[in-house]
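So the structure is just underneath, and the comments pick up after that.
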Amino acid sequence: MLRFDLISIFPEYLSPLKLSLLGKAQDKGLLAINIHDLRDQTTDVHHSVDDTPYGGGAGMVMSPVAWGDAIDQISSDADQIDLVILTPAGKKFNQKMAYEFSKSKQIIFACGRYEGIDARVGKYYMQQKNYKVHEVSIGDYVLGGGEVAAMVIIEAVARLLPGVLGNPDSLKEESHSIAGNKDESLVEYPNYTKPASWRGLDVPEILLSGNHGEIAKWRRSEAERRTRELEAE
Ligand code: 6GU
């Protein structure tokens, strides 16, 4: 079973992880999500989590002592622990990474705030044979901290785990899915449901035809058109 551990100074910020699909998956024992307060996991007397940057400059940097204590505390005895350090300077998250993460035993998310986490934390765990370190960003913009980014990644990974989705067929055709989309990066075709006419807008005739071959061709060409339009932006 995949175990997700998140470390944050705002653990309440992560409470949506109890809801909906992820809440049900935890109840069914398909995955585990543990949320930790960085401050509670520190073992030094001051429980301090940040300090001024060496070399000067604005803001505060998160202490390697606090992070090292916290990460050690929650590490399992798995052969490989994936340590995800959330930072806008990381590698951009994508569906391929979601698939890779879905094979993990334990993923620890270090949700940094302020100007970031002391750079030695990543370096130290890279040197430990039972850890694989990933510095990850979720896109080209700056957030106040890694909490929301960690939730994005967990949501993308959890739905790939066996039993989490009610209907596993929905993985097959969706945008960016590896299973249905192979190496091509097509976005999904547009979807319609009843009524056939709504506020003057009609469902494309072909979808009402019952001709599955023609419908498949139409969907493919719509997916290609949408993908081209996105690329042109
Ligand atoms: Cl992972 N963290 C922060 N602070 N900002 C981000 C991000 C992560 N990904 C995109 N922007």
Side-chain angles (χ1 to χ4, degrees), residues 2-19 21-22 31 33-39 41-42 48-71 74-75 80-104 106-126 131-161 175-176 185 187 230-231 233:
L2 174 45
R3 167 178 163 187
F4 298 96
D5 289 271
L6 300 97
I7 310 168
S8 164
I9 56 168
F10 296 124
E12 302 84 1
Y13 210 73
L14 297 162
S15 42
L17 291 169
K18 298 185 186 84
L19 305 175
L21 199 70
L22 291 173
L31 55 91
I33 303 178
N34 308 310
I35 299 168
H36 311 273
D37 188 332
L38 177 64
R39 227 172 275 278
Q41 304 295 315
T42 57
S48 59
V49 296
D50 64 332
D51 211 327
T52 53
Y54 276 118
M60 299 293 269
V61 176
M62 297 189 97
S63 156
V65 181
W67 280 103
D69 288 352
I71 293 164
I74 65 171
S75 289
Q80 185 182 303
I81 297 171
D82 290 287
L83 173 61
V84 175
I85 300 177
L86 284 321
T87 163
K91 181 173 172 190
K92 193 123 35 97
F93 182 65
N94 61 23
Q95 191 66 21
K96 182 156 178 274
M97 290 161 81
Y99 273 94
E100 293 304 317
F101 285 146
S102 74
K103 298 173 201 154
S104 178
Q106 183 183 19
I107 310 178
I108 298 177
F109 293 89
C111 305
R113 291 245 149 200
Y114 311 116
E115 302 309 306
I117 299 175
D118 186 299
R120 288 169 294 181
V121 175
K123 186 160 185 185
Y124 173 83
Y125 287 98
M126 276 176 212
Y131 290 89
K132 188 160 181 201
V133 177
H134 314 260
E135 292 194 333
V136 181
S137 156
I138 61 162
D140 296 334
Y141 38 79
V142 180
L143 303 170
E147 285 80 4
V148 171
M151 288 194 281
V152 166
I153 295 170
I154 291 174
E155 186 158 319
V157 173
R159 61 190 291 288
L160 301 176
L161 299 172
S175 304
H176 302 297
S185 200
V187 299
L230 284 175
E231 283 165 357
E233 272 171 21

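Read the numbers this way: they start at 1 and go in the same order the structure lists the ligands and their atoms. Just so you know, these numbers use all the heavy atoms, side chains as well, and skip hydrogens, waters and symmetry mates.
A side-chain donor-acceptor contact under 3.5 Å links Q106 to the backbone of I74.
Interface atoms of ligand 1 facing S137, defined by a heavy-atom separation under 4.0 Å, are 1 (Cl), 9 (N), 10 (C). Close approach of ligand 1 to A149 (heavy-atom distance below 4.0 Å) involves ligand atoms 1 (Cl). Set against the non-hydrogen atoms of V136, the atoms of ligand 1 under 4.0 Å away are 1 (Cl).
At a threshold of 4.5 Å between non-hydrogen side-chain atoms, the residues I9 and M62 count as touching.
Between the choices T87, D140, V84, the shortest heavy-atom distance to atom 8 (C) of ligand 1 belongs to T87.
Counting protein heavy atoms only, atom 2 (N) of ligand 1 is closest to P88 CD, 3.6 Å. Scanning the protein heavy atoms around atom 11 (N) of ligand 1, the nearest turns out to be Y141 O, 2.5 Å. Protein heavy atom at the shortest distance from atom 5 (N) of ligand 1 is L143 N, 3.0 Å.
Relative to the six-membered ring of Y54, R120 misses at least one condition, a distance below 6.0 Å or an angle of at most 45° to the axis.
Of all heavy-atom pairs between L2 and F101, the closest is CD2-O, 3.8 Å.
Below 3.5 Å of separation, one finds an N or O of I138 facing an N or O of ligand 1.
Side chains of S8 and E147: a donor-acceptor N/O pair is present below 3.5 angstrom, by distance only.
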